[in-house]
Amino acid sequence: MAANWQRGVLKAMGVKNHPVEVVDVADLAPWYRRIRLSAPGFLDELAVHPTIWIRLWVPALEKDKVVQRGYTVVDPDPGAGEFSLDFVLHEPTGPAASWAKNAAVGTTAEIAHTPQKLALDPELQTLVLAGDITALPAIVTLLRAAPSTASKYVVIQDSHDDRDALGIPQDARTTLAWSDDDPSGAGLVNALQSSVPLEGFDPGRAYLWAAGERKLVKAVREHARGQLGLGRHRQHAQNYWIAGHSAG
Ligand SMILES: Cc1cc2nc3c(=O)[nH]c(=O)nc-3n(C[C@H](O)[C@H](O)[C@H](O)COP(=O)(O)OP(=O)(O)OC[C@H]3O[C@@H](n4cnc5c(N)ncnc54)[C@H](O)[C@@H]3O)c2cc1C
């Protein structure tokens, strides 16, 4: 399989690729698949923290080369040398979604580390988490890492009837709201406005994290800066994918 320029650049930067092998495939919904991977030694070099993701190298759909896509590390078990990746099996498909659709026990691929670090303020009073379904794996890591005293507001855009089957962890301090598909991002922002109470909201003790399709992320970022008054260090909004564009 030919390597592409991205792979060359990453190699020149010292980014190491690790082999992985599929050890389990589970469909949480017909359109959302969890794949457990064995990657001996990989987690030993990884400082696991909320939202951590890896680059997954998969074959391109048409050309004889591999391409990389970002996926969030789910349920890492360093002792067993295993972790999972959750795939949205989207249409139109792409190399990563296709790889996931065809994956079975024994399927192999490669992954690479990504440099990153996110730590939540232990004094956090309000945690706001928003995005589309690609952000769900990272949102779950943030819910698990949040201080127990923080109020957590989760707003996710998705219209599937069986979206509740994904099993989002919730405690007494978690408020979960869904917003139906609206590519402009306005629907997600409306749902945030209905969900997060502004009374008593302290922007100095709040944090907003958002990810997903670019337009949604832009709308949430503007809401965070504007109505919620969150400064640069009190929010992180990341484009995960762009409608109509393959990640390359
Ligand atoms: C840091 C990071 C972490 C991520 N974590 C996850 C994760 O845990 N789980 C996950 O599923 N995704 C995650 N993503 C998003 C994922 O990398 C992209 O959706 C990626 O484009 C999928 O690659 P592909 O090869 O399947 O499709 P591509 O070749 O990139 O795209 C093919 C077509 O599908 C469309 N498309 C891409 N993604 C979607 C989607 N989700 N829904 C509808 N249409 C889409 C594109 O617009 C394009 O038209 C993450 C992205 C980043 C940057």
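Numbering starts at 1 and runs along the sequence shown. All heavy atoms count here, side chains included; hydrogens, waters and symmetry mates do not. Start at 1 and go down the list; that is how both ligands and their atoms are numbered.
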Original post:
Heavy-atom distance to atom 53 (C) of ligand 1: which of Trp53, Tyr240, Trp241 wins?
Top reply: Tyr240
**OP:** Please answer whether the main-chain N or O of Ala100 pairs with a side-chain N or O of Arg33 as donor and acceptor at a distance below 3.5 Å.
**Re:** yes
**OP:** Identify the protein heavy atom lying closest to atom 5 (N) of ligand 1, giving its residue, its atom name and the separation to 0.1 Å.
**Re:** Thr72 OG1, 3.0 Å
Original post:
Tell me: protein heavy atom nearest atom 17 (O) of ligand 1, and distance?
Top reply: Gly70 O, 2.8 Å
Original post:
Tell me: protein heavy atom nearest atom 22 (C) of ligand 1, and distance?
Top reply: Tyr71 OH, 3.4 Å
Subject >> Side-chain (Asp162) to main-chain (Ala165) donor-acceptor, under 3.5 angstrom >> reply: no
Original post:
Considering only heavy atoms of Ala243, which atoms of ligand 1 have at least one such atom less than 4.0 Å away?
Top reply: 47 (O)
Original post:
Under 4.0 Å between a Lys/Arg side-chain N and an Asp/Glu carboxylate O for Glu91 and Lys101?
Top reply: yes
Original post:
Do Asp27 side-chain atoms and Ala29 backbone N/O form a donor-acceptor pair below 3.5 Å?
Top reply: no
Original post:
So which of Ala211, Gly212, Ser246 gets nearest to atom 29 (O) of ligand 1, if we judge by its closest heavy atom?
Top reply: Ser246
Subject >> For Ala96, atoms of ligand 1 separated by under 4.0 Å from a heavy atom >> reply: 23 (O), 24 (P), 25 (O), 26 (O)
**OP:** Would you mind listing which atoms of ligand 1 come within a distance below 4.0 Å of any non-hydrogen atom of Ala247?
**Re:** 21 (O), 28 (P), 29 (O), 30 (O)
Original post:
Distance-only, no hydrogens or angles: does the Gln157 side chain make a donor-acceptor pair with backbone N or O of Asp182 under 3.5 Å?
Top reply: yes
**OP:** Give the single entry among Arg34, Glu91, Arg69, Glu213 that approaches atom 23 (O) of ligand 1 most closely by any heavy atom.
**Re:** Arg69
Subject >> Electrostatic pair Arg205-Asp121, nearest N-O below 4.0 angstrom >> reply: no
Subject >> Donor + acceptor pair across side chains of Trp178, Asp158 (<3.5 Å) >> reply: no
**OP:** Identify, for atom 9 (N) of ligand 1, the protein heavy atom at the shortest distance, and state residue, atom and that distance.
**Re:** Asp86 O, 2.8 Å
Original post:
Any nitrogen or oxygen of Phe87, main chain or side chain, under 3.5 Å from a nitrogen or oxygen of ligand 1?
Top reply: no
Subject >> Interatomic spacing from OH in Tyr207 to CG in Leu228 - rounded to 0.5 Å >> reply: 13.5 Å
Subject >> Proximal ligand 1 atoms for Ile242, defined as those under 4.0 Å from one of its heavy atoms >> reply: 46 (C), 47 (O)
Original post:
Out of Ile133, Thr93, Leu136, Leu61, whose heavy atom sits nearest atom 32 (C) of ligand 1?
Top reply: Thr93
**OP:** Going by the side-chain contact (heavy atoms from CB on, under 4.5 Å) test, name the single residue among Leu129, Thr175, Val128 that passes it with Val154.
**Re:** Leu129
Original post:
In terms of side-chain geometry, is the basic nitrogen of Arg163 or Asp180 positioned less than 4.0 Å from the acidic oxygen of its partner?
Top reply: yes
**OP:** Ignoring hydrogens and angles, tell me if any N or O in the side chain of Gln125 forms a donor-acceptor pair with the backbone of Ala206 under 3.5 Å.
**Re:** no
**OP:** Just need the protein heavy atom nearest to atom 33 (C) of ligand 1, so name the residue and atom and give the distance.
**Re:** Pro92 O, 3.7 Å
**OP:** Among all protein heavy atoms, pick the one closest to atom 11 (O) of ligand 1 and tell me residue, atom and distance.
**Re:** Val88 N, 3.0 Å
Subject >> Spacing of OH belonging to Tyr71 relative to CH2 belonging to Trp99, to within rounding of 0.5 Å >> reply: 9.5 Å
**OP:** Answer with yes or no whether Gln238 contacts ligand 1, where contact means a heavy atom under 4.0 Å from a ligand atom.
**Re:** yes
**OP:** Show which atoms of ligand 1 fall inside a sub-4.0 Å distance from at least one heavy-atom site of Ala97.
**Re:** 26 (O)
Original post:
Taking the minimum heavy-atom distance to atom 26 (O) of ligand 1, which of His245, His90, Lys101 ranks first?
Top reply: His90
**OP:** For atom 41 (N) of ligand 1, find the nearest protein heavy atom and state the residue, atom name and distance (0.1 Å precision).
**Re:** Thr134 CG2, 3.2 Å
**OP:** Mark up the atoms of ligand 1 that fall under 4.0 Å of a heavy atom belonging to Pro137, in ascending order.
**Re:** 8 (O)
